[in-house]
Amino acid sequence: MSDFMNDTMIPLAYLFAGSCFVLSLKWLSHPTTARRGVRTGEIGMLVAVVATLFDFRIIEFQWILVAIVAGSLVGLPLGLLVPMTAVPQRTALSHAFGALAAGLVGTAEFYLSGQGADASTMIALGLEVVLGFLTFTGSLVAAGKLQGIVRDRPWVYRGQNIVNLSILASALVMVGLLVYDASLTFLFPIIIGVSLVFGVMLVIRIGGADMPTVISLLNSYAGLSAAMMGFVLNNKLLIIAGALDGSSGLILSIIMCKAMNRSFTNVLFGGFGAEDTTGGAIEQRPVRSVDPEETAFLIDAARTVVIVPGYGMAAAQAQHKVRELADALLKRGVDVKFAIHPVAGRMPGHMNVLLAEANVPYDQLHDLEAINPEFPQTDIVLVIGANDVVNPAARTDTASPIYGMPILDVDTSASIIVVKRSMRSGFAGVDNELFYLQKTQMLFGDAKTVIGGVVDELSKLPAREVAAA
Amino acid sequence: MSDFMNDTMIPLAYLFAGSCFVLSLKWLSHPTTARRGVRTGEIGMLVAVVATLFDFRIIEFQWILVAIVAGSLVGLPLGLLVPMTAVPQRTALSHAFGALAAGLVGTAEFYLSGQGADASTMIALGLEVVLGFLTFTGSLVAAGKLQGIVRDRPWVYRGQNIVNLSILASALVMVGLLVYDASLTFLFPIIIGVSLVFGVMLVIRIGGADMPTVISLLNSYAGLSAAMMGFVLNNKLLIIAGALDGSSGLILSIIMCKAMNRSFTNVLFGGFGAEDTTGGAIEQRPVRSVDPEETAFLIDAARTVVIVPGYGMAAAQAQHKVRELADALLKRGVDVKFAIHPVAGRMPGHMNVLLAEANVPYDQLHDLEAINPEFPQTDIVLVIGANDVVNPAARTDTASPIYGMPILDVDTSASIIVVKRSMRSGFAGVDNELFYLQKTQMLFGDAKTVIGGVVDELSKLPAREVAAA
Amino acid sequence: MSDALEISLYIFVLSSFLGYAVITRVPGLLHTPLMSLTNALSAISIVASLIFAGAGEATYATILGAIAVFASTTNIVSGFLITDRMLKMFRRRERPADKPTDTAPKGVSA
Amino acid sequence: MSDALEISLYIFVLSSFLGYAVITRVPGLLHTPLMSLTNALSAISIVASLIFAGAGEATYATILGAIAVFASTTNIVSGFLITDRMLKMFRRRERPADKPTDTAPKGVSA
Ligand SMILES: NC(=O)c1ccc[n+]([C@@H]2O[C@H](COP(=O)([O-])OP(=O)(O)OC[C@H]3O[C@@H](n4cnc5c(N)ncnc54)[C@H](OP(=O)(O)O)[C@@H]3O)[C@@H](O)[C@H]2O)c1
Ligand SMILES: NC(=O)c1ccc[n+]([C@@H]2O[C@H](COP(=O)([O-])OP(=O)(O)OC[C@H]3O[C@@H](n4cnc5c(N)ncnc54)[C@H](OP(=O)(O)O)[C@@H]3O)[C@@H](O)[C@H]2O)c1
């Protein structure tokens, strides 16, 4: 029986689980099937865990029980209470957990049966441990930066890259030595320590606004580390899940880099965004500014309005007010669309989640390719806390750090209203010509407050005879 | 050396080949990358074959050499000289070859080491052989029917399905017995024989027009059989390639069944299309008919013309004339589009290949979803040898055998000209109300001849001042 | 090359291709849920941790395993929960969407 | 379940998913080339036939193997050749295609 369980049932259960994971991600390809995807993933996970509990090697359950209960107790609040705006931190944190698990298992494996291991296994084990522990500390720092616990500005000094790279190199060299002679066990703790340090070093030097890219990268490390664990333990399910996770992280970071027109090396070693919190010096050039009341008049008179949300909307938690505004306008017969830039905000899909949370139907959200051709026919573009993603310099100014980054061509529309608190620059730390255009007006203030104001003003206006939306 | 070759190089070469195959199919997802896909597949194949030649088990090469030379001599003409219209036959033939190879290898394996085999291996072996040999004869019959060697009309008698199924069952039972007791070797030749017979029985009873579906199905069988070979020989590359091939065949047949609104069982056991060569009795109801000259006048006067090619164009080899017609019209300022129904012709993508052969750029070809909304704005639809795919009964007549099959809504256009030789029905053997509409005119004759006529008439017409295409 | 390694390589390569194929199909709209879902899924490493935590081979192994189980469980629970929470929020507009395809004439398809 | 079987199952399942993922992305335009390409690829079974044809274990095995090599070679050669022949024929129009996207105003993107 137990034999049959271990030789047949468990492998089949794992295969089933692996298939569930693939389907789970496949169904995430559309909002209407996405939740089924989650269910499927849960089922796969459940089956795999239950099957494992029948593994003959498991003889005592008390620690398992304790760990699972404790884990659930921590996981529940993390899953249910974390606000949408804190999702980036949570993601970073869970990478830390996942990577830690991989690192610890690797450690246990090394001391238990590291001596017998052949070269390839030892290499996999080494990679698992190094990736695991560096991702652990790295993700913690990233989470800290996003949460504002660790200071946001990158911590940079000359020759830093050399230092970091040599730290990493030393870790890999030691792994090499272990492959050569597994009895050099004293090296193992050092490898762990060095990896932990490197994780901190790697992330501490990166600007807060680059965290999303870093997180995705750490995501793929975590996945890779889990896959390596699979190599060490010959566990195919781990390899499958790890590879899926790894490729996901990699693809997301590539998408982000593309959308920011940056290279990995630039993100990791560029110390980019060193300026972003300092921001560009307050501009002295004149700008035309409006107040919520005027804004209400203007947009109420428009036929077509496109709203461009950015990081500022997230920072101000203004999404609900923005939704109210959109609804009010729709009711008044104005055709309202949202234009979502792939890297608007601080996380891929950031704006989509926030607006979805505020009950904006996702078919009102249009991506860059879809919306750019429409700006020329747009009467008013309302830019809410977005800056870099609407900066024409990306098209025109070859000198600009964001040159070549695909942007929303709001400057091709009839007129623009920009909501932000000051003339300060965005994450890229570059000035934005858009604000000085004749057809641009600035609506200064905290996004939530001013948009709220605009909504109130709108409600005061007399109902206009409704044009076809 | 030879060890290293066999333990490391060959597995790596196979893994490389497998990856090449995946990429090869991935790149087939767009015409611009498709040829790169072919190259990649070729590289993978080459690497795998060369690596295999280093396998230590291979000690004599003369037979290999003979076989490869002979194979190439047969393959070259099959690849270079076969006309596009004969592609379906060629495909069927190559399935036969592939399946034969699988069956023979399975046979050799059985007699060499069948005794030692465990249950699962024996099952895989059995499936490999049964699928291999039934696909072999089945594909040969299919090829014969498509080539017109074997008579096209399905060969049906009462209780046929019971007979066929029991033949298949008997084969599987014998496999079961072998799993139970491998020493019953005398069963093996019987299994082969029965499988060969079943292949014939299965396909002989299916109408010629259903062959494409059958071919795709046999395609997936061939793939499955190759995958089973991989199971037997623990060859992962075979499993990968087999699975890719199998899923491809399966998906294509599903697409075809969907597009024909038929079920597998209906295709395999329905004896559908029994009528098609007999065709519906010649209709006595009046139709309005035109000659090439009038047709030339009419389409020359039109602003927008949509050409709907069907099996008849393929049968008449009229694609080049059709291209000439389209070019002439484009030159004269008429906006010409092609509407391609997923199952127009006798093979998925049939029309696309023929028109591509005739140098029609593929961005002039529009599929069902894309073109249907445009028919209401179309002045003239020119239906060339198509019938079922434009039969409104599929939308309206719940009684019709093709009811529910998605069709090209040509009847929503301003006027229709149908090119065919008679009032005979198409593959589905159902009458077509379209031909009797007030706005429909019939242009009787062989597609190649009459379209040629229309082109000549067009050239005689005075140049019209060109409207914007 | 050991069989084990060979097999692992095959699984890894195939899964990576598969990952690429399915994940490139996830629209930007769902990239945040994607992150949290893959997160939860990769916590499958719990199946390895369980063995160490329950094998009772050596105290340190048990402890390390238990911590790993704890960490993975947190990810599983929170990951699935928050993903579902996000997805619950994505909804279509009630009134017919104004997508180009829908505004274009449809023909008289029954 | 023997290890060999387990591994084969994993490879098979993963490859099938992969097949589904890549093949559903092939447009109807290319379904005929798809058929002939998968044809050529599945002729990889030649690597098994080669062993039988060259191992010199038993005459019948050699003969069967050789025939199998012959059959597979035919498929490889003809399959790749005809696929490429077809694909060579697919070409875009020289003059700018009149796709909806192209006719739609593009904004002043540099
Ligand atoms: N989404 C991603 O995955 C991702 C990843 C990495 C990097 N990034 C980068 O992040 C940037 C995103 O561009 P973005 O345009 O969305 O944001 P942004 O360029 O960072 O600009 C945000 C603007 O919002 C304003 N703002 C901040 N708090 C506000 C508040 N409470 N109320 C109103 N306005 C407020 C700020 O101006 P004031 O200070 O004057 O108010 C700032 O100029 C891009 O450079 C992108 O490359 C994104
Ligand atoms: N494409 C696939 O993969 C596939 C697979 C399986 C089944 N099918 C079936 O095949 C059918 C395809 O529909 P279809 O509309 O393309 O073809 P169809 O319905 O079979 O009609 C073809 C028409 O072309 C005419 N024709 C034949 N030879 C001709 C010639 N030399 N010159 C002019 N006209 C000629 C015939 O009428 P006359 O005899 O009066 O000339 C016939 O009515 C569908 O029913 C589909 O379900 C397709």
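Note on naming: letters A, B, ... go to the chains in the order of the sequence lines (proteins, then strands), and numbering restarts at 1 for each one.
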Interatomic distance, [X] atom [atom1] to [Y] atom [atom2] [nearest 0.5 angstrom]:
X: D/Leu87; Y: B/Leu28; atom1: CG; atom2: CG; answer: 6.0 Å
X: D/Phe70; Y: B/Ser72; atom1: CZ; atom2: OG; answer: 9.5 Å
X: B/Arg57; Y: D/Glu57; atom1: CZ; atom2: CD; answer: 9.0 Å
X: B/Trp63; Y: D/Ile63; atom1: CH2; atom2: CD1; answer: 7.0 Å
X: D/Thr74; Y: B/Leu93; atom1: OG1; atom2: CG; answer: 9.0 Å
X: D/Thr32; Y: B/Met84; atom1: OG1; atom2: CE; answer: 9.5 Å

When you compare the side chain of [Y] with that of [X], does any pair of heavy atoms fall below 4.5 Å?
X: B/Val353; Y: D/Phe90; result: yes
X: B/Leu244; Y: D/Thr38; result: no
X: D/Tyr10; Y: B/Ile239; result: no
X: B/Arg35; Y: D/Thr83; result: no
X: B/Phe231; Y: D/Leu9; result: yes
X: D/Ser2; Y: B/Asp118; result: yes

Identify which part of [X] has an atom lying under 4.5 Å from any heavy atom of chain D, answering side chain, backbone, both or neither.
X: B/Val38; result: both
X: B/Ile251; result: side chain
X: B/Thr121; result: neither
X: B/Ala227; result: side chain
X: B/Pro31; result: both
X: B/Leu224; result: side chain
X: B/Leu80; result: both
X: B/Asn359; result: both
X: B/Leu355; result: neither
X: B/Tyr111; result: both
X: B/Leu252; result: side chain
X: B/Gln62; result: neither
X: B/Asp367; result: neither
X: B/Ile340; result: neither

(request) Would you check, one step at a time, whether the test side-chain contact (heavy atoms from CB on, under 4.5 Å) holds for D/Ile82 with B/Leu78? (result) CA-CA 8 Å; D/Ile82 200 165; B/Leu78 267 178; over 6 Å; no
(request) Given side-chain contact (heavy atoms from CB on, under 4.5 Å), test D/Ser15 with B/Lys236 step by step and report yes or no. (result) CA-CA 10 Å; D/Ser15 308; B/Lys236 300 170 198 58; over 6 Å; no
What heavy-atom pair brings [X] and [Y] nearest, and what distance separates the two atoms?
X: D/Gly28; Y: B/Asn352; answer: O-ND2, 3.6 Å
X: B/Gly75; Y: D/Ser78; answer: O-CB, 3.4 Å
X: D/Ser45; Y: B/Leu238; answer: CA-CD2, 3.3 Å
X: D/Ser36; Y: B/Arg90; answer: CB-NH2, 3.6 Å
X: D/Ala68; Y: B/Val105; answer: CB-CG2, 4.0 Å
X: D/Ile44; Y: B/Ala48; answer: CD1-CB, 3.6 Å

Does any backbone or side-chain atom of [X] lie under 4.5 Å from a heavy atom of chain B? Answer side chain, backbone, both or neither.
X: D/Ala21; result: neither
X: D/Phe80; result: both
X: D/Phe52; result: side chain
X: D/Leu50; result: both

[options]: which one forms the most heavy-atom pairs within less than 4.5 Å of chain B?
options: D/Pro27, D/Ser42, D/Ser8; result: D/Ser8
options: D/Thr62, D/Leu81, D/Asn39, D/Ile7; result: D/Asn39
options: D/Leu5, D/Val26, D/Ile51, D/Val22; result: D/Ile51
options: D/Ser49, D/Ala55, D/Pro33; result: D/Ala55

(request) Please check if the side chain of D/Arg85 supplies one atom and the backbone of B/Val82 the other of a donor-acceptor pair under 3.5 Å. (result) yes
Against chain D, work out which of [options] has the most heavy-atom pairs shorter than 4.5 Å and name it.
options: B/Lys26, B/Arg39, B/His30, B/Met351; answer: B/Arg39
options: B/Asp55, B/Asp245, B/Leu25; answer: B/Asp245
options: B/Leu112, B/Leu233, B/Val74, B/Val49; answer: B/Leu112
options: B/Ser216, B/Gly18, B/Ala356, B/Gly349; answer: B/Ala356
options: B/Gly249, B/Ala226, B/Ala34; answer: B/Ala34

(request) Dump the intermediate steps for side-chain contact (heavy atoms from CB on, under 4.5 Å) on D/Leu41 and B/Ser24, then the final yes or no. (result) CA-CA 9 Å; D/Leu41 296 184; B/Ser24 168; 4.2 Å; yes
(request) Step by step, work out the side-chain contact (heavy atoms from CB on, under 4.5 Å) result for D/Asn75 and B/His95. (result) CA-CA 8 Å; D/Asn75 278 356; B/His95 290 147; over 6 Å; no
